[in-house]
Amino acid sequence: MGPAPPPVARVTMAPAFRLTTRPAVSENMAQFTVDFSAERAGLQRLEFLPVPRPPEIDVSRCVVCDNNVTVAWRPADEGDNDDFTGPIKSYELEYRKASHDSSARAAAEACWEKICDIRDSQVTISDLKFDSRFIMFRVRAKNKAAAGEFSEPVAMETRAFNFGFDAATAHAELKVHGDTVTWEPQRVKGHDPRLRAKDCKSRSATPSPNKAGNRTGRDRFAGESYTVLGDQEMAGGCHYWELRLLADWKSFSVGVAYRSSLGRFDQLGKSAGSWCIHASQWLQNSLAAKHNNRARALDWLLPQRIGIYCDYDNGDLCFIDVDQRRLLHSFKTKFSQPLVPAFTVWCGGITVVTGLQVPSFIDSFLSTSRSLSDLSQ
């Protein structure tokens, strides 16, 4: 056996050389504190511009006329407001349609529409469609810093006559697409010969308009009565709507009728319960007023935009060339049943515009119509 290995040398650190760690900072961490005194002094010297206070809508200066709405307001604290918040840079108006005049009840009905960068203390919104009972408005001011809070909403009444086409009454060759009706014949010649024969046979047996129950809302017009009715009745008050012609039209009629007075094969203006004007550019141009199977030729150029005004209570029915602001014809009668708008289309199509207020120019036409001889019952 060889010699034993030498013993391993061990080094022991003397206690005097052992490291001891102690915190070198104070308990309040003062060594890590940053001095912001200069910045604080700079911030204290700044002058912050407050946002403008809400304006107040001046209802006495607001106007609703001819489907235009003018909204006017007063700046808050007028006189010293500029000194407090700085000059008003612009205003922002928001509006939305509502069925109620309460902002809380109208909150879920429609989204706000916005008009920005208004430089005056009023604004006019033009060519609105009044298809709701009210429109809510609110406004706020903006300075160079920010926009303020909105004013309290104000409701303005916007009643108008709204209706659509009653597709269930439309002739089979009339197609209803929203507010438009087009003539789309099912045969090359526009008629089924068997239906034409049936029409001729049935026409002689058409019940008298004075007999009740000769047609129902489920019956379509047929034969050569290319007719469709409106889906809302007029039993009182004043109503206004417009008719606009599409390209390639050949013949149309527009007017009002007692729903119960029209048989399936009856044409507008040929019964005691319907009033209309009829226009045609088939072979030659013609325009006529029709009622109770009587017609009166009208010496006017064919209009492209016709306004229809009906004052049920006073028995006034007027047809207006809107583009020329010209009265085409008026009927004076006494209505005894609820009326519906009525239309006939042959070739081409028509579009109806509803949600219109009675125009302000109607009064002048009514005074003119009193001096004209009208067709009456």
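Scope of the values below: all heavy atoms of this structure, side chains included, with no hydrogens, waters or symmetry mates. In this chain, residues are counted from 1 in sequence order.
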Completion exercise
Between A76 and R53, the two heavy atoms sitting closest are CB-CB, 3.7 Å
Decide yes or no for [X] and [Y]: does some side-chain heavy atom of the first lie under 4.5 Å from some side-chain heavy atom of the second?
X    : Y    : value
V71  : M156 : yes
F343 : V254 : yes
V353 : R244 : yes
L229 : F221 : yes

Hey, is the main chain of [Y] close enough, under 3.5 Å, to the side chain of [X] for a donor-acceptor pair?
X    : Y    : answer
R325 : I320 : no
D231 : G164 : yes
R140 : E149 : no
H171 : V228 : no
T333 : F335 : no
S90  : C116 : no
H291 : S274 : yes
R264 : R220 : yes
D248 : G348 : no

Practice task
Return yes when atom NZ of K142 has more than 12 non-hydrogen atoms of other residues, nucleotides or ligands closer than 6.0 Å, and no otherwise.
Solution key: no
Practice task
Let me know which of Y240, F130, W241 forms a ring-ring contact (aromatic ring centres under 6.0 Å, His included) with F161.
Solution key: W241
Handout entry: Test applied, ring-ring contact (aromatic ring centres under 6.0 Å, His included); reference residue, W282; option that passes from W249, F252, W346
Key = W346
Check [Y] with [X], please: is the shortest side-chain N to carboxylate O separation under 4.0 Å?
X    : Y    : result
D316 : K332 : yes
R96  : E94  : no
D117 : R119 : yes

Exercise for the section: Step through it carefully: locate the ring centre of W275, locate the ring centre of F319, and say whether they are under 6.0 Å apart. Expected result: no
Exercise for the section: Check which hydrophobic residues are tied to V34 through side-chain heavy-atom contacts below 4.5 Å, counting indirect links as well, and list them. Expected result: F36
Fill in the blank from the handout: Per side-chain contact (heavy atoms from CB on, under 4.5 Å), V176 is matched among T169, D166, V181 by V181
Handout entry: Polar contact flag, side-chain donor to acceptor under 3.5 angstrom, N68-T124
Key = no
